[in-house]
Amino acid sequence: MLIDKIKEIKAEIEALKAQSAEDAEALRIKYLSRKGLVTSLFDDFKAVPAEMKKELGQKLNELKNLAQDKIAELKASANSSSQSQQNDIDVTRQATNVPMGSRHPISIVKDEIIDIFARMGFTVAEGPEVEDDWHVFTALNFPPEHPARDMQDTFFINTNPDILLRTHTSSVQVRVMEKRQPPIRSVFPGRVFRNEAISARAHCIFHQVEGLYIAKDVSFADLKQALTFFAKEMFGSNVQVRLRPSYFPFTEPSAEMDVSCTLCGGKGCAVCKGSGWLEILGCGMVDPNVLKNNNIDPNVYSGFAFGMGVERIAMLRFGVDDIRLFFENDVRFLRQFQSAD
Ligand code: DAH
């Protein structure tokens, strides 16, 4: 009899309990979905004799409302109890210590270099590691077959010798000049690749920061001023600097910059090989040919450029005597470096 089923299910519903919102939802499906226990009573209702329809219809509707209210109530209380569980979290409890990592010394020094030049108004740009001959050599005034190309042992791609791994970040100068007219005042950090035997002094992968300043009336005095400021910020205000004439195809005149030995202060020791000086970067006035190659008029604009090895600066800054340590990722080595911030 329908009336008995209604009573039975009513008792069941009144006793329902749910631990969680998921339990309450399962009950909704059990009783109120299209094939649910309450819903299916409405099918039975069709067979009820006409004189009983009014009374049973009412009871059935009451049952449905009861089920809806009960399940809504179970859902609400399940949700609020899960919230109160969250509120029960003891925020004063002693946390387990998570060991802090440290920044890689190369990242620390690279960011310091960028930061010092940023204070002189230099922005930062990057370029691709896989480059072509034009950006690494030709646009930078390396003539074809010129021995200067051998200064940097290049990794070429076998199937296409026009494609290579950049040997210096000077290639980013070209990428920036071809996109923009002066004034340009930027530094270009990045990884470079050279086909060199790995030793305590050299690695086949290392990092450089290149710099370029092009505007009207830029002189060698500006170069000296900017790079002296850099050296004093990086190695301390007592450091001495000197520029030695040098050669790079893309600068004329070219120079190399030395700082007084960071270890012996210039007296002469094993690190500076008795000379009292350490080389830290190459630099020079941008060769007019380089400007022309990039559609910048050398009669209007002039500029200076410089490039330095990040590993070299880091070795001098931190007294590291083997470049390979930077690539081994031995945590006992890496843990010793703290950035200034
Ligand atoms: N590209 C040179 C190198 O890798 C470094 C360098 C020297 C960059 C002189 C310059 C520069 O911009 O003017 O050894």
Side-chain angles (χ1 to χ4, degrees), residues 113 116-117 120-123 125 127 131 133-154 166-190 192 194 206-231 241-259 277-310 312-313:
I113 297 169
I116 294 169
F117 284 101
M120 288 186 265
F122 284 73
T123 57
E131 263 292 6
D133 181 278
W134 171 258
H135 291 91
V136 176
F137 295 126
T138 304
L140 288 168
N141 201 36
F142 286 76
E145 316 304 332
H146 190 278
R149 288 180 187 240
D150 296 338
M151 276 164 64
Q152 307 178 356
D153 298 321
T154 309
R166 67 180 177 194
T167 55
H168 54 180
T169 44
S170 305
S171 53
V172 190
Q173 281 191 26
V174 181
R175 297 234 162 238
V176 169
M177 282 190 270
E178 69 194 4
K179 273 206 229 78
R180 285 189 24 209
Q181 281 292 307
I184 295 169
R185 185 160 38 170
S186 299
V187 286
F188 318 121
V192 300
R194 291 190 192 174
F206 57 100
H207 299 78
Q208 287 187 333
V209 176
E210 176 84 12
L212 180 68
Y213 178 33
I214 302 178
K216 288 184 179 153
D217 301 324
V218 178
S219 70
F220 201 90
D222 297 317
L223 173 153
K224 193 174 170 191
Q225 171 70 21
L227 295 181
T228 303
F229 175 79
F230 164 73
V241 299
R242 73 173 185 190
L243 287 161
R244 272 180 296 105
S246 184
Y247 171 75
F248 300 99
F250 35 93
T251 42
E252 181 60 37
S254 303
E256 278 167 312
M257 188 165 166
D258 297 341
V259 291
W277 295 98
L278 299 162
E279 182 201 319
I280 58 160
L281 55 81
C283 58
M285 301 305 291
V286 179
D287 193 295
N289 284 336
V290 174
L291 297 176
K292 273 190 230 149
N293 286 340
N294 293 291
N295 295 319
I296 293 174
D297 186 350
N299 296 316
V300 180
Y301 295 108
S302 56
F304 66 76
F306 55 89
M308 64 187 86
V310 181
R312 170 132 186 101
I313 306 270

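Remember, it's a predicted structure, so these values are computed and weren't measured experimentally. Below, each value reflects all heavy atoms present in this structure, side chains not excepted, and no hydrogens, waters or symmetry copies.
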Nearest 0.5 Å please: distance from the [atom1] atom of [X] over to the [atom2] atom of [Y].
X      : Y      : atom1 : atom2 : value
Thr154 : Arg194 : OG1   : CZ    : 8.5 Å
Met257 : Trp277 : CE    : CH2   : 9.5 Å
Met308 : Ile113 : CE    : CD1   : 5.5 Å
Asp258 : Arg242 : CG    : CZ    : 4.5 Å
Met285 : Tyr213 : CE    : OH    : 10.5 Å

For this session: Give me the ring orientation class for Phe306 and Phe117: parallel if the planes are under 30° apart, tilted from 30 to 60°, perpendicular past 60°.
Result: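 Rings of Phe306 and Phe117: parallel, under 30°.
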Problem set entry | Check against side-chain contact (heavy atoms from CB on, under 4.5 Å), Cys283 and Leu227 | CA-CA 9 Å; Cys283 58; Leu227 295 181; 3.7 Å; yes
Closest heavy-atom contact between [X] and [Y]?
X      : Y      : result
Ile184 : Val176 : CG2-CG1, 3.9 Å
Thr167 : Asp153 : CG2-O, 4.3 Å
Thr169 : Pro189 : CG2-C, 4.3 Å
Ala305 : Leu212 : CB-CD1, 4.2 Å
Thr138 : Asn293 : O-ND2, 3.6 Å
Ser170 : Leu140 : CB-CD1, 3.6 Å

Got [X] and [Y] here, is their nearest side-chain heavy-atom distance under 4.5 Å?
X      : Y      : answer
Ser302 : Asp217 : no
Val187 : Glu210 : no
Ile296 : Met177 : yes
Gln208 : Val310 : no
Phe304 : Val286 : no
Leu278 : Arg312 : yes

For this session: Please determine, by modelled atom types, if Ser246 and Ser254 share a side-chain donor-acceptor pair under 3.5 angstrom.
Result: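 No, Ser254 and Ser246 have no side-chain donor paired with an acceptor closer than 3.5 Å.
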Problem set entry | No-hydrogen, no-angle side-chain donor-acceptor test under 3.5 Å, Gln173 and His135 |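 Note: Gln173 and His135 side chains miss the donor-acceptor criterion.
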For this session: Decide yes or no on side-chain contact (heavy atoms from CB on, under 4.5 Å) for Glu256 and Ile280, but give the supporting numbers first.
Result: CA-CA 8 Å; Glu256 278 167 312; Ile280 58 160; over 6 Å; no
Exercise. Should we say atom CD of Gln181 is surrounded by more than 12 heavy atoms from elsewhere, each under 6.0 Å from it?
Worked result: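 Result for CD/Gln181: enclosed.
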For this session: Begin from the C-alpha positions of Phe220 and Leu243 and carry the test side-chain contact (heavy atoms from CB on, under 4.5 Å) through to its verdict.
Result: CA-CA 11 Å; Phe220 201 90; Leu243 287 161; 3.8 Å; yes
Problem set entry | For Ser186, the option from Val172, Ile214, Thr123 that meets side-chain contact (heavy atoms from CB on, under 4.5 Å) |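 Looking at Val172, Ile214, Thr123, the match for Ser186 under the side-chain contact (heavy atoms from CB on, under 4.5 Å) is Thr123.
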Exercise. What about the rings of Phe206 and His168, do their centers lie closer together than 6.0 Å?
Worked result: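 No: the rings miss the under 6.0 Å criterion.
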Would you say the side-chain atoms of [X] pair up with the backbone N or O of [Y], donor to acceptor, closer than 3.5 Å?
X      : Y      : answer
Asn141 : Pro249 : yes
Arg185 : Ala215 : no
Asn294 : Leu291 : no
Ser219 : Ala221 : yes

Exercise. Would you call Glu131 and Arg175 a salt bridge, using N to O less than 4.0 angstrom?
Worked result: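 Counted as a salt bridge, because a side-chain N and a carboxylate O are separated by less than 4.0 Å.
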